[in-house]
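Worksheet: one structure, shown below.
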Amino acid sequence: MKVNHLKLLVGICAGVLFSVMPVYASVSIPTISQVPGRIMWVDVKLGQLQIKLNGTPGTGETKDYRITRYETRVKDPSDKKFLTIDDLRPGENITLDVVDGQEDKIIEKIVAESLEASDFQVASGQLQAIDPQAGTLSLQENMRNGVVEADNQSNFLFDPNNVVVFQNPSTQPVALVLKAGDQVQIQFVMKDEKQQVYSITLYAPQHSTTTTVTTTTSTNN
């Protein structure tokens, strides 16, 4: 009798096991691709982010993604800083975790540079000179970080292929001709004791006979 009970128990367990196995076999693990690129623009309120994909020089290919404060986790490469989407800025290099076939869904993870919002500074004034080949520009500042400056002239570095350029009041990146005499606002960070430009906003282009130079940026799809 005990043997029959044991056989019955083994039979039941085997039946349950075989009935569950097809369920597990049918479950597929989503494939996640890492998508590296450079931020062209970001709007936290709208929950939208556009990046220029790496490996696409010049105007390049751009893609838009959805983000939220509560569902998108932002980390630095060493995962030592607590970052949020509010820390993201145009010109910053990032890598997105994108689920294959679900590119239109909210991005859950972004690996960004080790920069917080407080690391970015803003300087406004008149361009004195700009050299896209050398990646240098000189600015006659009249305001820095909201504080009026007494016409302080400063030098900045930028990557002609990576700097993001806007024209006020648009928040979309554009291809612009920048020249001495233009009124601009520059967003930059300090790197190796040098002022590295991430984005430039043209406020009041002025006509000039000065030789012009063109920055390489991305246009919106």
- Message: Tell me the closest heavy-atom pair linking Ile110 and Leu96, and the distance in Å.
- Response: CG1-CD2, 3.4 Å

- Query: Atom CD1 in Ile51, atom CD in Glu61: separation rounded to 0.5 Å?
  - Reply: 9.5 Å

- Task: May I ask you to check whether over 12 heavy atoms, not counting those of Lys191, lie within 6.0 Å of atom NZ?
- Result: yes

- Query: Taking only residues two or more places apart in sequence, or in another chain, which ones meet Tyr198 in a ring pair (Phe, Tyr, Trp, His ring centres under 6.0 Å)?
  - Reply: Phe120

- Check the hydrophobic clustering (I, L, V, M, F, W, Y; side-chain heavy atoms under 4.5 Å; chains of links allowed) and say if Val111 and Leu49 are grouped together. no

- Query: Does one hydrophobic cluster hold both Val35 and Val99, with members joined at side-chain heavy-atom distances below 4.5 Å?
  - Reply: no

- CA sep, side-chain torsions, deciding dist, call: Arg89, Val164, side chain to side chain contact (heavy atoms under 4.5 Å, CB included): CA-CA 10 Å; Arg89 292 293 184 276; Val164 181; over 6 Å; no

- Minimum-distance pair of heavy atoms, taken over all atoms of Val163 and Val197: CG2-CG1, 3.9 Å

- Message: Can you give me the closest heavy-atom contact between Gln128 and Ala180, atom names plus distance?
- Response: O-CB, 3.3 Å

- Task: List the steps and the verdict of side chain to side chain contact (heavy atoms under 4.5 Å, CB included) for Val44 and Arg69.
- Result: CA-CA 8 Å; Val44 175; Arg69 283 193 176 97; 3.3 Å; yes

- Closest heavy-atom pair, Asn93 versus Glu113, reported as atoms and distance to 0.1 Å, is N-OE2, 2.8 Å

- Note, Gln50 side chain near Pro173 side chain (heavy atom, < 4.5 Å): yes

- Is it true that atom CD of Glu108 has more than 12 heavy atoms of other residues, nucleotides or ligands lying nearer than 6.0 Å? no

- Task: To the nearest 0.5 Å, tell me how far Leu139 CG sits from Ile186 CD1.
- Result: 4.5 Å

- Task: Kindly compute the distance separating CG (Asp87) from CZ (Phe82), expressed to the nearest 0.5 Å.
- Result: 9.0 Å

- Taking all heavy atoms of Val42 and all of Pro90, pick out the closest pair and write down the distance. CG1-CD, 4.5 Å

- Query: Leu157 and Ile200: same hydrophobic cluster, using ILVMFWY side-chain contacts below 4.5 Å?
  - Reply: no

- Item | Gap between atom CD1 of Ile85 and atom CD1 of Ile107 - 0.5 Å precision | 12.0 Å

- Hey, mind stepping through Gln121 and Asn145 against side chain to side chain donor-acceptor pair (under 3.5 Å) and telling me if it holds? CA-CA 6 Å; Gln121 301 184 56; Asn145 299 324; 3.1 Å; yes

- Query: Can you name the residues that form a ring pair (Phe, Tyr, Trp, His ring centres under 6.0 Å) with Tyr65, not counting sequence neighbours?
  - Reply: none

- Task: Kindly work out whether a path of hydrophobic side-chain contacts (I/L/V/M/F/W/Y, heavy atoms less than 4.5 Å apart) joins Val189 to Leu88.
- Result: no

- Message: My understanding is that only residues two or more places apart in sequence, or in another chain, count here; which of them pass side-chain hydrogen bond (donor to acceptor under 3.5 Å, both in side chains) with Glu92?
- Response: none

- Item | Nearest-0.5 Å distance that lies between atom NZ in Lys75 and atom CG in Asp97 | 9.0 Å

- Is there side-chain contact between Val147 and Arg144, with heavy atoms separated by less than 4.5 Å? no

- Message: Show the nearest heavy-atom pair for residues Gln195 and Ser154, with the distance to one decimal.
- Response: NE2-CB, 3.9 Å

- To the nearest 0.5 Å, what is the distance between CG (Leu127) and CZ (Phe156)? 10.0 Å

- Message: Looking only at the side chains, is there a donor atom on one of Asp100 and Ser33 sitting less than 3.5 Å from an acceptor on the other?
- Response: yes

- Message: Main chain of Ser138, side chain of Asn155: is a donor-acceptor contact present, judged purely on distance under 3.5 Å?
- Response: no

- Given Val122 and Gln187, is the side chain to side chain contact (heavy atoms under 4.5 Å, CB included) satisfied, shown in steps? CA-CA 5 Å; Val122 177; Gln187 192 166 64; 4.3 Å; yes

- Message: Applying a strict under-4.5 Å side-chain criterion to I, L, V, M, F, W and Y, I'd like to know whether Phe158 and Leu202 cluster together.
- Response: yes

- Message: Between Gln153 and Gln140, is the side chain to side chain contact (heavy atoms under 4.5 Å, CB included) condition met? List the steps.
- Response: CA-CA 4 Å; Gln153 185 162 324; Gln140 192 74 25; 2.8 Å; yes

- Message: Quick check on side-chain contact (heavy atoms from CB on, under 4.5 Å): which of Lys105, Lys109, Glu103 does Val98 satisfy it with?
- Response: Glu103

